[in-house]
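Here the structure comes first, spelled out in structure tokens, and everything after it is commentary.
Chain identifiers are assigned alphabetically (A, B, ...) following the order of the sequence lines, protein sequences preceding nucleic acid strands; residue numbering begins at 1 within each chain.
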There are 2 protein chains.
Amino acid sequence: MDKKSKSLSKNQKIVLDFIQKNKKPVKAYSILSNVQKKGINAPPQVYRALDKLIKIGKIHRVESQNSFVACKISNCGTPHKTVFSICNSCEIVSEINDPKLFKNLKDFRDKDGTVFDGYNLEFFGTCKSCKNKQIENTKH
Amino acid sequence: MDKKSKSLSKNQKIVLDFIQKNKKPVKAYSILSNVQKKGINAPPQVYRALDKLIKIGKIHRVESQNSFVACKISNCGTPHKTVFSICNSCEIVSEINDPKLFKNLKDFRDKDGTVFDGYNLEFFGTCKSCKNKQIENTKH
DNA sequence: TAAAAATTTGTTATATTATAACACTATACT
DNA sequence: AGTATAGTGTTATAATATAACAAATTTTTA
Ligand SMILES: [Zn+2]
Ligand SMILES: [Zn+2]
Ligand SMILES: [Zn+2]
Ligand SMILES: [Zn+2]
């Protein structure tokens, strides 16, 4: 076994696997009901796995939705620096990987001299697909 | 009565008043217990007032804390474009008013052509006061 | 100004999200 | 082997938020 990259525990693997299978963010209790057949019985088992996976950067919490999504950026890491694009209509979430924006955020200093070690940015809007549907509807 | 700027309702005033009195963000159930003497009895009365105050931009929700804070920026408006600095140690929250950062966020476009109408950005770190306390502690 | 519409209120009950606490097991380190 | 660290399983409960409905109030319109 690889001694450098400590592998995930049983429950952590089960939870991560379920989150990665889903295109959209998933909720904690939805994870629970979907992995009960794998032997995870109660909320604490899910939340512990979530906490760990967040800590090591494998997943992120979408704050405005109380939901969890797999990280799409290889070196996202920890402490957390996350940017998401969220559709108000279909609630789909995309993790954004934009070096220029990252630099702007990394370089930001406030007036009070706070030392930042992370950030979370959520953009809200209407995705292209939902926008098109809206246009379709106004045509008739 | 002023016909242009529709005034707030009784419960909305009570809740806003309490939030504005507090330097730190406050939680919904803390609001509830603190305004019960004013005749607000149950969670829905608080949450309705909060929803309205958020909608009109008088307060903001601090997503990572499930808490609510008065808006410190006159033209913050709606839909919402908010930036906060949050101390991981004392949990104090400052609303940031930085035109250059605002411009960067306003101008951001993603690859998928999503049309954004708002954002929420939370910076996490250690405020100056907490940093100084930490340094004090390591001296001994 | 009277009727209609929209908003707000008060209330009970319930849904959703998350953690505390404790005994136990597995794994990693020395 | 012995110790420390991390993970598990479980029960109970805390914390956050909404549904639903009848009544009252305020605003708008006719
Ligand atoms: Zn990521
Ligand atoms: Zn969409
Ligand atoms: Zn504001
Ligand atoms: Zn602080």
Inset, instruction - Using five base pairs at each end, measure the axis-to-axis angle across the helix from C:dT1-D:dA30 to C:dT30-D:dA1 and round it to 10 degrees. - result: 50°
Inset, instruction - Assign each of B:G39 and B:N66 to its nearest nucleotide of DNA chain C by heavy atoms, then name whichever residue's nucleotide is nearer the 5' end. - result: B:G39
Inset, instruction - May I ask you to decide if the ring planes of B:F116 and B:F108 are parallel, tilted or perpendicular, using 30° and 60° as cut-offs? - result: parallel
Inset, instruction - May I have the distance from A:Q45 (atom CD) to D:dT10 (atom P), rounded to whole angstrom? - result: 7 Å
Legend entry - Distance test, side-chain N/O of B:S9 to OP1/OP2 of D:dT26, below 4.0 Å: no
Legend entry - Heavy-atom donor-acceptor pair, A:H60 side chain to A:H80 backbone, under 3.5 Å: no
Inset, instruction - Provide, to the nearest angstrom, the distance between the CD1 atom belonging to B:I40 and the P atom belonging to C:dT11. - result: 12 Å
Legend entry - Working for side-chain contact (heavy atoms from CB on, under 4.5 Å), residues A:K131 and A:T126: CA-CA 6 Å; A:K131 200 66 159 187; A:T126 310; 4.2 Å; yes
Legend entry - Along DNA chain D (nearest heavy atom to each residue), the more 5'-positioned of A:N41 and B:Y47: A:N41
Legend entry - Spatial distance of atom NZ (B:K27) from atom CG (B:N34) [nearest 0.5 Å]: 14.5 Å
Inset, instruction - Could you state the atom-to-atom distance from NZ of A:K10 to C1' of C:dA26 in whole Å? - result: 12 Å
Inset, instruction - Spell out, as yes or no, whether a donor-acceptor pair under 3.5 Å connects the side chain of B:D110 to the backbone of B:D112. - result: yes
Inset, instruction - Can you tell me the distance, in whole Å, between the NZ atom of B:K27 and the P atom of C:dT17? - result: 16 Å
Legend entry - Candidates D:dA6, D:dT11, C:dT8 - which lies nearest the side chain of A:A42: D:dT11
Inset, instruction - Using whole Å, report how far CG of A:D51 lies from P of C:dA20. - result: 10 Å
Inset, instruction - Look at the side chain of B:R61 and decide which nucleotide, out of D:dG7, C:dT12, D:dA17, has an atom nearest to it. - result: D:dA17
Inset, instruction - Calculate the interatomic distance between A:L8 atom CG and C:dT27 atom P; express it in whole Å. - result: 14 Å
Inset, instruction - Indicate yes or no: at least one non-hydrogen side-chain atom of A:L101 is less than 4.5 angstrom from one of A:V83. - result: yes
Inset, instruction - Let me know the distance between CZ of B:R48 and P of C:dT9, rounded to the nearest Å. - result: 8 Å
Legend entry - Ring-base stacking, A:Y29 with C:dT17 (5.5 Å, 30° cut-offs): yes
Inset, instruction - Take the protein atom CD of B:Q65 and the nucleotide atom C1' of D:dT16, then report the distance between them rounded to whole Å. - result: 14 Å
Inset, instruction - Could you pick out which residue, B:P43 or B:N11, lies toward the 5' side of DNA chain C when each is mapped onto its nearest nucleotide? - result: B:N11
Legend entry - SB check B:K21 B:D17 (cutoff 4.0 Å): yes
